[in-house]
2 protein chains.
Amino acid sequence: MVADMEQTPARLAGKPTWLVTQLAVHAHRLSSEGFAEVGARGYHYRILSTLDEFGGSSQADLGRRSNMDRSDVVAAVNQLADLGFVERTPDPADRRRNIVTLTEAGARQLDRLDEVLGRAQDELLAPLAEEERATLVRLLTRTLEHHRNA
Amino acid sequence: MVADMEQTPARLAGKPTWLVTQLAVHAHRLSSEGFAEVGARGYHYRILSTLDEFGGSSQADLGRRSNMDRSDVVAAVNQLADLGFVERTPDPADRRRNIVTLTEAGARQLDRLDEVLGRAQDELLAPLAEEERATLVRLLTRTLEHHRNA
DNA sequence: AGCCAATGTTGGCTCAACCAACGAAAAGGA
DNA sequence: TCCTTTTCGTTGGTTGAGCCAACATTGGCT
């Protein structure tokens with residue numbers, strides 16, 4: 001039996017793009033599994049948390065703030081509305097727009113999502129100490145910010 | 001005009017899973033664009049770099065080392081073989097296996113891929129100083145390592 | 001009035017990741 | 001030696017995130 005058949009080539013393992021995309025696979029799996037426990041998905045959390053923080057918004061604004069395509073917002077809001085977590089009402093001041101608002105049930109669902117998502121964070125960063133986690137978050141935030149405005 | 005319609009909710013922006021997956025979108029876009037310049041894709045680089053570092057391998061080993069599903073290795077090796085970058089020969093010692101080897105042309109293609117991929121790294125980490133990049137790579141490596149062995 | 005921009009919606013597309021099943025072949029245990 | 005289990009390559013899927021184009025409706029601007 002040859003030593004370690006699972007070791008990744010150095011050219012790959014050292015590249016930031018590799019590290020980020022591979023870790024994203026785990027991050028996505030962890031958060032998706034958490035969301036699935038309460039019958040939700042990633043796009044739902046984006047919508048609900050945006051509504052909670054900024055209040056009722058048009059779908060276009062929801063998309064801009066949660067980094068979603070307009071068409072994906074439509075589908076997510078449809079599902080959330082079917083579940084009674086959001087309400088869609090026409091904007092009287094602009095008849096192109098819908099105003100999407102968070103319901104009571106939606107706020108409770110958001111609490112549940114926050115809890116399972118919090119556990120996912122812990123699992124993702126399990127090997128890091130508290131200070132290292134803060135450093136990582138700081139560096140990732142700076143980097144992401146740069147690409148958001150570019 | 002309301003202030004900043006593009007700001008992301010804090011609950012989202014602060015979560016490591018969010019930061020990692022969102023940054024992965026940029027990482028993936030940057031490396032994909034680079035690969036496309038030389039007519040390649042991510043899976044090709046994984047295969048070629050693994051072959052370069054570990055020498056001829058079975059497809060199963062390639063998959064394990066480059067973190068790919070067996071079925072995806074088949075497709076990638078097919079394409080690389082069509083392009084003349086790898087060769088597939090049956091293993092005389094184990095007739096289930098194919099031994100995949102890197103050709104001269106494949107080695108040259110790998111050099112081209114390394115160059116464009118290097119530029120992608122610089123773009124991805126543009127806002128970070130050299131020391132910060134090293135710190136980020138270190139933290140990501142530790143975290144990824146943890147999930148690889150779990 | 002006329003033109004351009006924004007909105008919601010439909011219907012598509014790509015790609016990475018992954019899974020199930022299969023026959024062939026090897027490995028290992030009784 | 002049989003028999004079971006495992007591995008390998010391969011085929012043929014599925015899912016989900018991120019997109020893009022087009023369209024009709026409506027607003028804003030000049």
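Throughout, a chain's letter reflects where its sequence line sits, starting with A, and its residues are numbered from 1. Model, not experiment: these values are computed from the prediction.
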**Message:** Tell me the closest heavy-atom pair linking A:Asn67 and B:Gln22, and the distance in Å.
**Reply:** ND2-OE1, 2.7 Å
**Item:** B:His26 NE2 - D:dA17 P separation (whole Å)
**Value:** 17 Å
**Request:** For residues A:Leu62 and A:Arg46, determine if any side-chain heavy atom of one lies less than 4.5 Å from a side-chain heavy atom of the other.
**Result:** no
**Message:** With a cut-off of less than 4.0 Å, is there a side-chain N or O of A:Tyr43 near OP1 or OP2 of D:dG18?
**Reply:** yes
**Request:** Report yes or no: does B:Arg133 contribute a side-chain atom to a donor-acceptor pair with the main-chain N or O of B:Leu125 at less than 3.5 Å?
**Result:** yes
For nucleotides 5-7 of chain C, tabulate all protein N/O to nucleotide N/O atom pairs closer than 3.5 Å, reporting atom names and distance.
unit_1: C:dA6; atom_1: N3; unit_2: A:Arg96; atom_2: NH1; d: 3.1
unit_1: C:dT7; atom_1: OP1; unit_2: A:Arg64; atom_2: NH2; d: 3.1
unit_1: C:dT7; atom_1: OP1; unit_2: A:Arg97; atom_2: NH2; d: 3.1
unit_1: C:dT7; atom_1: OP2; unit_2: A:Arg64; atom_2: NH1; d: 3.0

**Prompt:** Rounded to the Å, how far apart are B:Leu12 CG and D:dA17 C1'?
**Reply:** 14 Å
**Request:** Take atom CE of A:Met68 and atom P of D:dC19, then tell me their distance rounded to the nearest Å.
**Result:** 12 Å
**Prompt:** To the nearest angstrom, how far is B:Gln79 atom CD from C:dA16 atom C1'?
**Reply:** 13 Å
**Prompt:** Nearest-Å distance, NE2 (A:His28) to P (C:dA17)?
**Reply:** 11 Å
**Prompt:** Where do B:Val20 and A:Leu23 come nearest, in terms of heavy atoms and distance?
**Reply:** CG1-C, 3.8 Å
**Request:** To the nearest Å, give me how far apart CG (B:Asp91) and C1' (D:dG9) are.
**Result:** 13 Å
**Asked** How is B:Arg29 classified with respect to the nucleic acid when contacts are heavy atoms under 4.0 Å: base, sugar-phosphate, or nothing?
**Response** nothing
**Prompt:** Roughly how far, to the nearest 0.5 Å, is the CZ atom of A:Arg88 from the CG atom of A:Asn98?
**Reply:** 6.0 Å
**Nucleotide nearest B:Gln22 (side chain, heavy atoms from C-beta), chosen from C:dA16, D:dG18, D:dG16** = D:dG18
**Request:** Please figure out whether A:Gly42 or A:Pro92 has its closest DNA chain D nucleotide nearer the 5' end.
**Result:** A:Gly42
**Prompt:** Contact class for B:Val73 vs. all strands (heavy atom < 4.0 Å): base, sugar-phosphate, or nothing?
**Reply:** nothing
**Prompt:** Starting at the 5' end of DNA chain C and moving along, which residue's nearest nucleotide shows up first, B:Asp72 or A:Ser71?
**Reply:** A:Ser71
**Request:** May I have the distance from A:Asp69 (atom CG) to C:dG12 (atom P), rounded to whole angstrom?
**Result:** 16 Å
**Message:** Looking at B:Arg142 and A:Pro127, would you say the former's side chain and the latter's main chain have a donor-acceptor pair under 3.5 Å?
**Reply:** yes
**Prompt:** Between A:Leu23 (CG) and C:dA17 (P), how many Å, whole number?
**Reply:** 13 Å
**Message:** Looking at C:dA26, I'd like to know if its phosphate oxygens (OP1 or OP2) sit under 4.0 Å from a side-chain N or O belonging to B:Arg95.
**Reply:** yes
**Request:** Counting heavy atoms from C-beta on, name the nucleotide in D:dT10, C:dA17, C:dT9 closest to the side chain of B:Arg46.
**Result:** C:dA17
**B:Thr103 side chain to B:Gly84 backbone, donor-acceptor under 3.5 Å** = yes
**Asked** So which nucleotide from C:dT9, C:dA17, D:dA17 ends up closest to the side chain of A:Val74?
**Response** C:dT9
